[in-house]
There are 2 protein chains.
Amino acid sequence: MNPGSPSPRAASDIPHAATLQDVAREAGVSLATASRVLNGSERKVAGAFRERVERAAEALGYTPNVSAQATARGHSPVIALLVADIADPYFGQIAAGVARGADEHGLVVTISITERDPERENRILRALRGQRPQGLILAASRADDAEGGSASAELEAFERYGGRVVAFGDLPGDGDGDAGVRTIVIDNAGGAEELGRRMAALGYRSAIGIGAAEGVRTSDDRLNGFTRGFATGGGTMDRIHRGDFRRESGAEAMAAALEEGVEPSTLVFGMSDVVALGAMSAIRAAGRAVGADIAVCGFDDVSASGDVTPALTTVRVPLNEAGYQAFRAIVDDGWIQAPLPVEVVVRGSTPGLA
Amino acid sequence: MNPGSPSPRAASDIPHAATLQDVAREAGVSLATASRVLNGSERKVAGAFRERVERAAEALGYTPNVSAQATARGHSPVIALLVADIADPYFGQIAAGVARGADEHGLVVTISITERDPERENRILRALRGQRPQGLILAASRADDAEGGSASAELEAFERYGGRVVAFGDLPGDGDGDAGVRTIVIDNAGGAEELGRRMAALGYRSAIGIGAAEGVRTSDDRLNGFTRGFATGGGTMDRIHRGDFRRESGAEAMAAALEEGVEPSTLVFGMSDVVALGAMSAIRAAGRAVGADIAVCGFDDVSASGDVTPALTTVRVPLNEAGYQAFRAIVDDGWIQAPLPVEVVVRGSTPGLA
DNA sequence: ATGAAAGCGCTAACAT
DNA sequence: ATGTTAGCGCTTTCAT
C-alpha cells in the first residue's frame with residue numbers, strides 16, 4: 001500500500017495516549033513541573049506536588065513519548081546493532097550481550113540485518129543515522145576494504161554529530177579517518193595459532209582449511225593464525241576451500257574437498273563452528289567418519305558445538321561478553337577494552353593420533 | 001551553550017547533522033516543499049524544484065530525523081519484538097523472520113529480552129509503549145495466567161492508541177479483553193500428537209516427558225498432544241520432569257530422571273529441541289547411549305538438531321516463516337493467518353525397535 | 001504547485 | 001521551587 005504509512009488502525013477513533021500536558025492539568029501543575037518529576041534530573045520538586053503528579057500519571061497511564069523526548073533532547077536512547085544474520089548463533093550471542101548491557105541502562109537496541117551484503121549494509125547505515133542513536137555496533141563481518149570507502153564516509157558522518165561507533169574485528173584500516181571507531185578485538189589469529197599448535201601436538205600433519213573469501217578479516221586471521229601454529233608443530237595447510245560464513249557453505253566446501261580426495265587422518269579447520277558443523281555433516285553424508293577418519297575443528301564454541309558427536313574441538317570466544325563490551329564501549333567515556341580470553345577446547349572431533 | 005542537547009560527546013564542537021531547514025535553504029525553497037519531495041506522499045512538486053531539493057539533500061548528506069518525524073506523525077516506524085532470549089535458536093529464527101519482513105517495509109525492529117521473567121516483561125511492555133511502535137510482537141512464551149492481569153492491561157493500552165499486538169502461542173485467555181490481539185498459532189498439540197503416534201508405531205511404549213512448569217501453554221500443549229498420540233498407539237507417558245526452556249534445564253531434568261532409573265528402550269520427549277539437546281548430553285554424561293538405549297525426540301527442529309549424532313527426531317516448525325507472518329499480522333489490515341505446517345522428522349535418535 | 005504557520009510531545013533556559 | 005516560553009525537526013492544514 002502507500003508509504004509513509006497512514007496510521008495502522010482506523011485513525012479516527014483512537015483515543016490519544018495520555019500526554020505530559022494531560023498529567024500536568026490533572027495534577028494542577030505546570031508542564032515543567034510535571035516534566036521534572038516524571039523525567040527530569042532528580043530532587044527539585046516539593047513532595048506535595050511530586051506526589052500529585054505521580055498520582056495523576058499513574059491514573060492516566062502516562063508513558064513518556066520517546067520520540068518526543070528524543071527530538072527535544074537531540075538524541076535518542078537507542079543502540080543500533082548491525083549483524084549479518086540474527087539466526088546465526090555467533091551473532092545471537094553477541095546480541096544477547098549487547099541487549100544485556102543496554103537493558104541495564106534503559107536503552108533500547110534496534111537490530112538490522114545486513115545479510116552480508118555490503119550495499120545493503122550501506123543503505124542500512126544511512127537509514128540508521130536517521131535514528132540518531134547513541135551508538136552503533138557493527139558486528140557484521142565484512143571484507144574490510146571492498147566497500148570501506150562509502151561505509152567509512154557514513155561512519156564518519158555518524159561520529160561527527162556525536163554518535164559512537166564500535167566495530168567488531170580488527171583495528172580499522174590504517175588511519176583512514178576511522179579514528180573514532182572503537183573496536184572489540186577478538187584474538188582470532190592468536191587463538192587459531194594456539195589451536196594449530198595443539199592440533200600438531202596431537203599428531204596431525206596435514207590440514208585443509210575452509211574459509212570465507214579472501215579479504216574477510218576474521219576468516220583470514222583465523223586461517224593464517226592456524227596455519228602458522230600448525231606449521232610450528234610441523235604440520236602443513238594443504239589447501240583452502242572458500243565460501244562464506246553459512247553452514248551450507250561449509251558443507252559445500254567440504255563436499256568439494258572430499259571430491260578431490262581427503263586422506264584419512266587429515267584435519268579440517270573450519271574458520272567458524274557453524275562452517276565446521278556444516279563440514280561435519282558433509283563428511284558424514286559422504287560416508288566418512290568424523291574423528292578417527294577425518295578430524296574437524298572450528299572456532300567460536302557456539303553451543304551446538306558441544307552437542308554434536310563427536311563434540312567439536314574449537315576455540316572458545318566469550319561472545320556474550322564481547323557483546324557486552326561493545327555496549328560499554330558506547331556508554332563509557334574512558335572505555336578501554338578488557339581482554340577477551342580465547343581458549344582452545346579440545347574435544348572428540350580431533351582424537352589424538354597414536 | 002546550545003539548548004536542547006547536551007549530547008553524548010563533547011557537546012560543543014559537534015556539527016549538527018543537516019536538517020530539513022538546511023536543505024530547504026540550500027535549495028532555495030520552503031520547508032514544506034523540501035519536506036514534500038524528501039518524504040511527503042508522491043507527486044506534487046515541480047520537476048525543477050524537486051531536483052534542486054534532491055541535489056541539496058545529497059550535497060548536505062541529509063537524513064531525516066526519525067524521532068522528529070515520529071513526533072510529528074504521531075507514530076514511529078518501529079516494530080517491537082519481545083523474546084525470552086535472543087541467543088536461543090528458537091527466538092533467533094523468529095527474529096530473523098520478523099526482521100526480514102520489517103526490512104521490506106522500511107521498518108526498524110527493536111528487540112527486548114524478557115529473560116522469561118513476567119515482572120520484567122511488564123516493565124518492558126510499559127517502556128515499549130513509550131516508543132509508540134507500529135506493532136508489538138510477543139514471542140516470549142509465558143505462563144498465560146500467572147501475570148495475565150497486568151500484562152493484559154498494558155496490551156489493551158497498547159491497542160487503544162492504535163498499536164497492533166500479535167502474540168505467539170495460543171488464543172488469548174477467554175475473551176478477557178485481548179480481543180484485538182492477533183495470534184500466530186503453531187500447532188503444538190497436533191504436531192506433538194502426530195509425533196507421539198509415530199513414536200508408538202516405531203515400537204516405543206514407555207516415555208518420559210521433560211517440560212516447563214505447568215501452565216506454560218507451549219509446554220503443556222506439546223506434552224499433552226504427545227501423550228495423547230502416544231497413547232493412541234498403546235504407549236504411556238510414565239512421568240514428567242519439569243524445568244524451563246533452557247538447555248541446562250533439560251540436562252538437569254534428564255539427570256534427575258536417570259537418577260530415578262530409566263529402562264532401556266525408553267523414549268524421552270523434550271518439549272523443545274533445546275531441552276532435548278540438553279537431555280541428550282545428560283544421557284551421555286551418565287554413560288548411557290542416545291538411540292538404541294535411550295531414545296530422544298524434541299520439537300522445533302532448530303538447526304543444531306540435524307547436527308547432533310544421532311540426529312534428533314523432532315517436529316519441524318517453520319519458525320522463520322512464523323516470524324514473517326507475525327510481521328504481516330501487524331502491517332496487513334485484513335490479515336488472516338496462513339497455516340504453518342508442522343512436520344514430524346524422524347531421525348537417528350529414535351531408531352525403530354525390532 | 002508552493003509557502004506560511006500551527007502544531008506534535010517534550011525539554012530546558014530563563015524568569016519569578 | 002515553580003511557571004513561562006522558546007525551541008527540537010518535521011508534517012500538514014490552510015492560504016495563495
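Numbers restart at 1 for each chain; the letters A, B, ... are given by sequence-line order, proteins then strands.
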Novice: Taking the six-membered ring of Y324(B) (Phe, Tyr or Trp), confirm whether the NZ or CZ of R100(B) is under 6.0 Å from its centre and within 45° of its axis.
Specialist: yes
Novice: Side chains of T114(A) and R120(A): any donor to acceptor distance under 3.5 Å?
Specialist: no
Novice: What's the CD-C1' distance between Q21(A) and dC8(C), to the nearest Å?
Specialist: 11 Å
Novice: Would you say T19(A) places a side-chain N or O within less than 4.0 Å of OP1 or OP2 belonging to dC10(C)?
Specialist: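 Yes, within the criterion.
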Novice: Okay, side chain of R132(A), backbone of H75(A): is any donor-acceptor separation there less than 3.5 Å?
Specialist: no
Novice: Give a yes/no on whether any side-chain N or O of T33(B) is located under 4.0 angstrom from OP1 or OP2 of dT2(C).
Specialist: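 Result: no.
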Novice: Can any side-chain N or O of Q325(B) pair as donor or acceptor with the backbone N or O of A338(B) at less than 3.5 Å?
Specialist: yes
Novice: Hey, does the side chain of S67(B) reach the backbone of T71(A) with a donor-acceptor pair shorter than 3.5 angstrom?
Specialist: no
Novice: Ion pair present between D88(A) and R116(A), side-chain N to carboxylate O less than 4.0 angstrom?
Specialist: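 Looking at D88(A) and R116(A), the cut-off is met.
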Novice: To 10°, what angle do the rotation axes through the five end pairs on each side of the helix from dA1(C)-dT16(D) to dT16(C)-dA1(D) form?
Specialist: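 For the helix from dA1(C)-dT16(D) to dT16(C)-dA1(D), the axes at opposite ends meet at about 40°.
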Novice: Send over the distance from H75(A) NE2 to dC10(C) C1', rounded to a whole Å.
Specialist: 13 Å
Novice: If a protein heavy atom is under 4.0 Å from the base, mark B; if only from the sugar-phosphate, S; if neither, -; do that for nucleotides 11-16 of chain D going 5' to 3'.
Specialist: BB----
Novice: Between the base of dG9(D) and the side chain of T71(B), is there a donor and acceptor pair under 3.5 angstrom?
Specialist: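 Under the 3.5 Å cut-off, the side chain and the base do form a donor-acceptor pair.
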Novice: Starting from P on dC10(D), measure out to CG on L38(B) and report it in whole angstrom.
Specialist: 9 Å
Novice: Nearest-Å distance, CZ (R132(A)) to P (dC10(C))?
Specialist: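 Result: 21 Å.
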Novice: Would you indicate which nucleotide in dG9(C), dG3(C), dT2(D) comes nearest to any side-chain atom of A46(A)?
Specialist: dT2(D)
Novice: Closer than 3.5 angstrom, by distance alone: can the side chain of R328(B) be matched with the main-chain N or O of G101(B) as a donor-acceptor pair?
Specialist: no
Novice: How long is the line joining CZ of R52(B) and P of dA1(C), in whole Å?
Specialist: 17 Å
Novice: Does G28(B) or A17(A) map to a spot on DNA chain C nearer the 5' end, using the closest nucleotide for each?
Specialist: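 Its nearest nucleotide lies further toward 5', so the answer is G28(B).
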Novice: May I ask you to say whether D332(B) pairs ionically with R164(B), meaning some side-chain N is under 4.0 Å from a carboxylate O?
Specialist: no
Novice: Would you call D22(B) and R25(B) a salt bridge, taking side-chain N to carboxylate O under 4.0 Å as the test?
Specialist: yes
